[in-house]
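Since the model is a prediction, treat every value here as computed from it, not as a measurement. No hydrogens, no waters, no symmetry mates; every other heavy atom, side chains included, goes into these values.
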Amino acid sequence: MAGDSRMAGKVALLLWAQTLGLAGAQTTQLLVEPPWRPAVLWDQVTLTCQGSGTTGSTTWYKDGQRWGQEGLDHFTVTESGIYMCERRGTRHSPPVSVLDGEGGS
């Protein structure tokens, strides 16, 4: 019986350590609506930042620079570019390219 409780304690500690490790590695997701690619401005593209980070603490990046949509979890794109987002406590999302529809980005 004593061995069982020590084993349970070790398993609990291992699960706790794995949980902490996974939480530190979580990536934010950038959802695109409509969902097809390439995303083009004339489709009225909406970007939504989702992740386990704090809601309302979203930081947006356009073309690699911090961008003025601070705090909003979603918005409708009005300029072509490459977008990413980040929520406090998570990593940057994968980039999403939105084209202007005039044969370029």
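When hydrophobic clusters are built by joining Ile, Leu, Val, Met, Phe, Trp and Tyr residues whose side-chain heavy atoms come closer than 4.5 Å, directly or via intermediates, L47 is not grouped with Y61.
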Q. What's the verdict on side chain to side chain contact (heavy atoms under 4.5 Å, CB included) for T78 and L41, showing C-alpha distance, side-chain angles and the deciding distance?
A. CA-CA 7 Å; T78 58; L41 285 177; 5.8 Å; no

Q | side chain to side chain contact (heavy atoms under 4.5 Å, CB included) between E79 and D100, intermediate numbers included | A | CA-CA 7 Å; E79 300 174 15; D100 65 13; over 6 Å; no

Q: Begin with the C-alpha distance, continue with both residues' side-chain angles, and end with the deciding distance and a verdict on side chain to side chain contact (heavy atoms under 4.5 Å, CB included) for F75 and T46.
A: CA-CA 6 Å; F75 70 97; T46 298; over 6 Å; no

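Across every non-hydrogen atom of S80 and K62, the tightest pair is O-CE, 3.2 Å. Looking at every heavy atom in both residues, V40 comes nearest to V98 through C-CG1, 4.4 Å. Of all non-hydrogen atoms in A39 and S97, the two that sit nearest each other are CB-O, 3.7 Å. Of all heavy-atom pairs spanning T58 and R87, the tightest one is OG1-CG, 3.7 Å. Among all heavy-atom pairs drawn from T28 and R91, the shortest one is OG1-O, 2.9 Å. The heavy-atom pair separating P95 from M84 by the smallest distance is CA-CG, 3.6 Å.
Looking at heavy atoms from C-beta onward, C85 lies out of side-chain contact with T59 at the 4.5 angstrom threshold. Put simply, the side chain of R37 reaches to within 4.5 Å of the side chain of V96, judged on heavy atoms.
With rounding to the nearest 0.5 Å, the separation of OG in S93 from CD in Q50 is 11.5 Å. Separation of atoms OG (S52) and CZ (R88) is listed at 13.0 Å; rounding is to 0.5 Å.
Inspection of the D43 and W36 side chains reveals an N or O donor paired with an N or O acceptor under 3.5 Å.
A donor-acceptor pair under 3.5 Å is formed between the side chain of D63 and the backbone N or O of I82. Remark: side-chain polar atoms of W60 are paired, donor with acceptor, to backbone N or O of L72 under 3.5 angstrom.
In the displayed structure, H74 atom NE2 is contacted under 6.0 Å by at most 12 heavy atoms of other residues, nucleotides or ligands.
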